[in-house]
Amino acid sequence: MCGIVGIVGHHPVNQALYDALLVLQHRGQDAAGIVTCQGEKLHLRKDNGLTRDVFRMRHMLQLRGNMGVGHVRYPTAGASSSAEAQPFYVNSPYGIVLAHNGNLTNAEDLKRDLFVDDLRHLNTESDSEILLNVFAHELQIQGKLRIDEGDIFRAVAGVHQRCRGGYAAVAMIPGFGVFGFRDPHGIRPLVYGRRDTETGTEYMIASESVALDTIGFTLIDDVAPGEAVFISVDGRIHTHQCAAQPILSPCIFEFVYFARPDSIIDNISVHKARSRMGKKLAVKIKREWSNHGIDVVIPIPDTSRTAALQLANQLGVPYSEGFIKNRYIGRTFIMPGQTVRKKSVRQKLNAIDLEFRRKNVLLVDDSIVRGTTSRQIIQMAREAGAHKVFFASAAPPVRFPNVYGIDMPAASELVAHGRTEAEIAQELGADRLIFQNLDDLIDAVQKKGKSHVDRFDTSVFDGVYITGDVTPAYLDALEANRNDVAKRASGSFSENVIDLYNSA
């Protein structure tokens, strides 16, 4: 998962890009990068690390220009090399910079085609570089010295015809403009907005609406699935549908976990969606476990707070903050290896004994992926004196890997894979475990009449991959590449990465 942003302004955009990346930091903590354009010249700074560490004053002063793009990243295949940091650049044609959020499911085929047919060289293992080169080739074959927005839209249409998977991208051509596009299923989010200044209107494209809000831009709309939005260097905006049969199918896990609660994605408030998740879960508990005996509901900070509060209100049970979070530890689910995750949980959370002592406690989390964190938190609750520890997940069991840009573990490392709910509860050490039903989750996020979503990508819960090209062989290869043993063998778990996350 990554965060992307692009701005066309009438003043230097370096500070605005930096501020936007800080707001999108939750989408990636592995690397950060900004490219700005001053006339025909590009200025680049990118490296491994958090935004605040990658950019110092000397770097900001060098990022001159009134338009630019930025990126925050976490490794989609466990890689942590600074060579994978974005944005990426190709000099032909015209010079193109691109930042990408997502994952291409036909990356290997595209890599071969780019080399054999398009005569293009790739310098990294990143599918973002593949996406950039596919777009560059589609633009180059038009054979024009000077291009306009129509040429951009035709190139994006070519990308949609060749690329499979989930992708949202923002790109820039020096002296020409900034543009963004979203895959024909709209799996990964992308929005755009405007800000009126004394010298004219400025435009911004970003992964989430909260990035617009915090620096004074007003949301115009989501980039529709298959759509491209182009903003010229002189501040004119153009939009065009570039896909033949777009179907809005956003990743539901954005609403469960990844997106900030103050974001609006596809006309759905993330905060309200999580609130409805809590209400749905409470209805299930009342229906299936009326004599629950819960004394207190305690959220596992931060993303589960909204659901937990509504769940407690619906059950008529006290809500309490029982864990104090160290905010200088990165998001555990995104950590590069199991060893780091195990070490980080107790650094990240500390239990307040008085909230647990002699009580039947219901812990609420947004989801359960590996179970490593959940298992340790349940144990922490017991050590704090809880009489019984129940555990509720605002999402259904995660049984399948994500292939559209979330680096979830291999299927064999998901605690719910191949286990019943009773077996998962035993594995985690909970007295009782409650999962959200998938239909209830969809209803909670969709809220009929409020969004234009055709369907959601729920593949991590039901194994149905909406692009239709994910085969058992593909999943087997993914399993081989994503499991922790393979990552250690490839050197992905370097001491530098471990130090980076422990000090973040």
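Note: hydrogens, waters and symmetry copies are ignored here, and every other heavy atom, side chains too, is used. Here the structure is a predicted model, which means the values were calculated and not measured.
- Arg260 meets the side-chain hydrogen bond (donor to acceptor under 3.5 Å, both in side chains) test with Asp262; sequence neighbours excluded.
- In the displayed structure, Gln426 atom CD is contacted under 6.0 Å by at most 12 heavy atoms of other residues, nucleotides or ligands.
- Residues passing the salt bridge (Lys or Arg N to Asp or Glu O under 4.0 Å) test with Arg455, sequence neighbours excluded: none.
- Here Arg188 contributes atom CZ and Ile4 contributes atom CD1; the two are 11.0 Å apart, rounded to the nearest 0.5 Å.
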Determine all donor-acceptor pairs shorter than 3.5 Å in which one atom belongs to a side chain in residues 385-396; sequence neighbours excluded.
residue	atom	partner	partner atom	Å
Ser393	OG	Ala395	N	3.2
Ser393	OG	Ala395	O	2.7

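- Atom CD of Glu125 is surrounded by 12 or fewer heavy atoms from other residues, nucleotides or ligands within 6.0 Å.
- Thr306 pairs by the side chain to side chain contact (heavy atoms under 4.5 Å, CB included) definition with His271, Arg274, Ser275, not counting sequence neighbours.
- Atom OG1 in Thr372 sits 9.0 Å away from atom CD in Glu413 (nearest 0.5 Å).
- Scored by the side-chain hydrogen bond (donor to acceptor under 3.5 Å, both in side chains) test, Ser459 finds Asp457 as partners (sequence neighbours excluded).
- By the side-chain hydrogen bond (donor to acceptor under 3.5 Å, both in side chains) test, Asn313 pairs with no residue at all, sequence neighbours left out.
- Between Phe253 and Phe461, the ring planes lie tilted relative to each other; the angle falls in the 30° to 60° range.
- Under a cut-off of 6.0 angstrom, the local environment of CZ in Arg287 is crowded, with over 12 non-hydrogen atoms contributed by other residues, nucleotides or ligands.
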Open item on the list: For Phe356 and Met380: C-alpha separation, side-chain torsions, deciding distance, then whether side chain to side chain contact (heavy atoms under 4.5 Å, CB included) applies.
Closed with: CA-CA 10 Å; Phe356 293 89; Met380 288 169 64; over 6 Å; no
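- Residue-environment remark: NZ (Lys272) stays at or below the threshold of 12 foreign heavy atoms within 6.0 Å.
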TODO: Please step through side chain to side chain contact (heavy atoms under 4.5 Å, CB included) for the pair Arg164 and Thr105, ending with a clear verdict.
DONE: CA-CA 6 Å; Arg164 300 289 178 267; Thr105 53; 3.4 Å; yes
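- In summary, the side chains of Ser128 and His100 do present a donor paired with an acceptor at a separation below 3.5 Å, with no hydrogens or angles considered.
- With Tyr404 as the fixed residue, the side chain to side chain donor-acceptor pair (under 3.5 Å) test singles out one of Asn103, Asp183, Thr467: Thr467.
- Here the CG atom belonging to Asn360 is positioned 4.5 Å from the CG atom belonging to Asp295, to the nearest 0.5 angstrom.
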